[in-house]
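All remarks here apply to the structure that follows.
Count residues from 1 along the sequence. Just so it is clear, the structure is predicted and the values come from calculations on it, not from any experiment. These numbers come from the heavy atoms of this one structure, side chains and all, not from hydrogens, waters or symmetry mates.
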Amino acid sequence: GYKVSPILWKTIYSGLSAGRVQSVALRLIVERDREIELFVTEEYWVIKVLLATQKNEEFEAKLLKKDGKELKIKNSDESEAVVKELSELPFIVKNVTKKKKKRHASPPFITSTLQQEAAGRLGFAVSRTMRVAQSLYEGVELKDVSAGLITYMRTDSTRIAPEAIEEVRAYIVEKWGRTHLPPKPNLYRSKKGAQDAHEAIRPASISRPPEKVKAYLSSEQMKLYTLIWNKFVASQMKSAEYSLVTVDITAEKYELRSNARHLDYEGFLAAYMDIKKENNDEESPVLELPALAGGDKLKHKETIPSQHFTKPPPCFNEASLVKELEARGIGRPSTYAQIINIIQTRKYVQREKRKLQSTELGRSVNKILVSQFPDVFSADFTANMENDLDKVESGDNEWRDVVNEFYVPFNKSLERFENQRHELKESLIEKTDELCDKCGKPMVIRWGRNGKFMACSGFPSCKNTRSIDEQETEKTDEVCEKCGSPMEVKKGKYGRFLGCSKYPECKNIKPYSLGVKCPLKSCEGEMVEKKSKKGKIFYGCSRYPDCKFASWTLPVSITCPNCGCPTLVETKNGESCSCPRCRSTFDLETLKK
């Protein structure tokens, strides 16, 4: 009987939907992990040919077709046959295509794009990006005043205030001249459904460039402020211009292609270079090609085959998850960081090397939710509900109709779930062969707020429990030098370590060694696993403090092909590794083979 405003009802309904949005995010991660698990790797070969003009100007071309059809080379035998055949064929330029192309500046940041770019460029987690942005927005103590340096950072609108556009256009003319200023301001259309309550994320004042306020900012504040500043300035600059050259080459029934791209005019790239990954390294165009024309005969120098393997879709990281949620219309700028934080805090998802991967608990929770509420926890349902809430706020929908449409089927599902609660809880319990040391009944493995634990099956009459970590120890071949008992791998406050199996009678402990040599030339130590004060795993030399070599990424026992260093360290993406001595970088899978 109370009269409640549509905006208030939207707030209440949004609160009810928060858990659902988190569950959909979990579902996306679980489904991606499953897709990766089921992915079947396939071998394929890429063939490039080193050619030369009559003036001996060399360039590479990639083999694309045979008899007018896309050529797919599946193994080394097929590759060798093609290589042999190509070596005996004449190569002739079929045609040369030249064209101009413009690359336009992208809009200033909104919440989701800021989170994605800060993750890609700066390595910031979503929560860290929002924390630093909040501090820039709330205000920084400058020389003679406390001032907010950016506009509100929770927004999905690309709108910019006219006075801010005037300021930045004047700044562009002052720094780069009128050659970089478009005749009219660049205007950007916000995505469908954007609330447009706040401007895009931009510097609060053009009179405070990053170099002017650097002395008053922390390192992470400076990095993020510079990112926001450069992006906003670039958004109001002219487009970059390229010259593209495509050379099609024939070798009888084979067709090859070589591309070149030259930057003619930098435009907005003078202020900001977007992160754009090529689809395939083999297809990345070169910067220059020799002067060629249709009918030119070419010299064959070398045929270069290379083996590759198809890769599964990448695991979600925080940035790509935000992008996926935004693309599906799930969540709001103010909720992305919270969504990702909650599913990690509840241990449904774990973050390793920036990758988000579902845990056993997360997969179990997802399985129950999807089986019991298949419609409610679908991505489409959540996105459509967000649209309904927007219409309630605008007055286009009656809140009673929206709530009723959701609640009636949901209540039926909830009743069915309540009737099956006991069976569902039992399905998560794992039986063991251990007996309770208090009552003799079998022990079982249950799920709790902090993960799995051992509990007596006689609960509630017997409430005996214990940590699984206390029972699960990894045996090793090492022997305790104090008492001769086997050493075990155990977990402690500062990470894994080796402890005597006779504890507490023998309290001997040793660092957990990876069996990898320290890469420093003068050191004979081994790399051991450690944990920082903030709980982050890193790897350091066992001879610390005499040797202070340390790495945040995993050391691997692979010899550097260039300098002979016995140990390489993985890079942050986990797909390549680098040498601590000569700084060379290598593909990890290639070296392992």
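The shortest heavy-atom contact between Ala337 and Met130 is CB-CG, 3.9 Å. Here the closest heavy-atom approach between residue Cys577 and residue Leu568 is recorded as SG-CD1, 3.7 Å. Shortest non-hydrogen contact noted between Ala234 and Phe268 is O-CB, 3.5 Å. Across all non-hydrogen atoms, the minimal contact from Ile201 to Thr111 is CD1-N, 3.8 Å. Closest non-hydrogen pair, Ala133 versus Leu224, comes out as N-CD2, 3.6 Å. The two atoms that bring Lys101 and Leu244 nearest to each other are CD-CD1, 3.6 Å, heavy atoms only.
For Ser485 (side chain) and Ser501 (main-chain N/O), no donor-acceptor pair under 3.5 Å exists by modelled atom type. Listed for the Glu318 side chain is a donor-acceptor partner under 3.5 Å among the backbone atoms of Val126. Remark: side-chain polar atoms of Ser551 are paired, donor with acceptor, to backbone N or O of Thr553 under 3.5 angstrom. A donor-acceptor pair is defined here as one N or O able to donate and one able to accept, closer than 3.5 Å; no such pair exists between the side chain of Asn317 and the backbone of Lys355. Put simply, the side chain of Thr303 never gets that close to the backbone of Val49: no donor and acceptor are under 3.5 Å apart. Side-chain atoms of Asp264 come within 3.5 Å of backbone N or O of Ser243 as a donor-acceptor pair. When atom types are taken as modelled, the side chain of Ser584 and the backbone of Cys579 share no donor-acceptor pair closer than 3.5 angstrom. Under the 3.5 Å distance criterion, the side-chain polar atoms of Thr559 are left unmatched by any main-chain donor or acceptor of Gly564. Between the Ser358 side chain and the Gly362 main chain, no donor and acceptor come within less than 3.5 Å of each other. Although no hydrogens or angles enter the test, the distance criterion places a donor-acceptor pair under 3.5 Å between the side chain of Ser364 and the main chain of Glu360.
Under the ring pair (Phe, Tyr, Trp, His ring centres under 6.0 Å) criterion, Tyr216 pairs with no residue, sequence neighbours left out. Residues meeting the side chain to side chain contact (heavy atoms under 4.5 Å, CB included) test with Ile509, sequence neighbours left out: Phe497. Ala270 is linked by a side chain to side chain contact (heavy atoms under 4.5 Å, CB included) to Trp176, His180, Met237, Glu266, counting only residues two or more places apart in sequence or in another chain.
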- Given salt bridge (Lys or Arg N to Asp or Glu O under 4.0 Å), test Asp33 with Arg363 step by step and report yes or no. CA-CA 10 Å; Asp33 288 349; Arg363 292 189 289 273; 5.1 Å; no
- Task: Tell me, with the steps shown, if Lys253 and Glu85 meet salt bridge (Lys or Arg N to Asp or Glu O under 4.0 Å).
- Result: CA-CA 11 Å; Lys253 56 187 174 183; Glu85 194 171 358; 3.1 Å; yes
- Query: Checking side-chain contact (heavy atoms from CB on, under 4.5 Å) for the pair Ile249/Glu255: CA distance, chi angles, key distance, verdict?
  - Reply: CA-CA 6 Å; Ile249 301 164; Glu255 295 179 34; over 6 Å; no
- Message: Evaluate Arg257 against Asp248 for salt bridge (Lys or Arg N to Asp or Glu O under 4.0 Å), listing each step before the verdict.
- Response: CA-CA 5 Å; Arg257 176 170 291 175; Asp248 291 312; 2.7 Å; yes
- Message: The test is salt bridge (Lys or Arg N to Asp or Glu O under 4.0 Å); show your working for Arg543 and Glu526 and say whether it passes.
- Response: CA-CA 8 Å; Arg543 294 184 62 248; Glu526 291 188 344; over 6 Å; no
- So Leu554 and Val569, side-chain contact (heavy atoms from CB on, under 4.5 Å) or not? Walk me through it. CA-CA 6 Å; Leu554 184 68; Val569 293; over 6 Å; no
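Put simply, CG on Leu356 and CZ on Phe316 are 9.0 Å apart, with the number rounded to the nearest 0.5 Å. Atoms CG and CH2, from Leu63 and Trp45 in turn, are 14.0 Å apart once rounded to the nearest 0.5 Å.
Side-chain contact of Thr571 with Ser576: a donor-acceptor pair under 3.5 Å is present, judged by distance alone. A donor-acceptor contact closer than 3.5 angstrom is absent between the side chains of Ser127 and Asn341. In the model, Lys299 has a side-chain atom that pairs as donor or acceptor with a side-chain atom of Asn56 under 3.5 Å. For the residue pair Glu220 / Tyr225, no side-chain donor-acceptor distance below 3.5 Å is found, with atom types taken as modelled. If you check the side chains of Ser106 and His104, you find no donor sitting under 3.5 Å from an acceptor. Side-chain atoms of Lys323 and Ser112 form no donor-acceptor pair, as typed in the model, at a separation below 3.5 Å. In summary, the side chains of Glu326 and Gln115 do not present any donor paired with an acceptor at a separation below 3.5 Å, with no hydrogens or angles considered. Between the side chains of Gln221 and Ser135, at least one donor N or O lies within less than 3.5 Å of an accepting N or O.
Phe124 carries Arg128 over the face of its six-membered ring, with the cationic atom under 6.0 Å from the centre and within 45° of the normal. Stacking of Lys231 on the aromatic ring of Phe109 is recorded, both the 6.0 Å distance cut-off and the 45° axial limit being met.
Salt-bridge check for Glu60 with Lys301: failed, with every basic side-chain N at 4.0 Å or more from each acidic carboxylate O. Ionic pairing of Arg103 and Glu241 is not present here: no N-O contact between side-chain nitrogen and carboxylate oxygen is shorter than 4.0 angstrom. Checked for salt-bridge contact, Lys84 and Glu80 miss the test: no charged N lies under 4.0 Å from a carboxylate O.
In this structure, Cys483 and Cys500 have side chains that are in contact, with non-hydrogen atoms separated by less than 4.5 Å. Contact check for Gln344 versus Gln350: no side-chain heavy atoms found under the 4.5 Å cut-off.
Atom CZ of Phe586 sits in a crowded spot, with more than 12 heavy atoms from other residues, nucleotides or ligands closer than 6.0 Å.
Screening Gln307, Lys74, His308 for a side-chain hydrogen bond (donor to acceptor under 3.5 Å, both in side chains) with Glu43, the sole residue that qualifies is Gln307.
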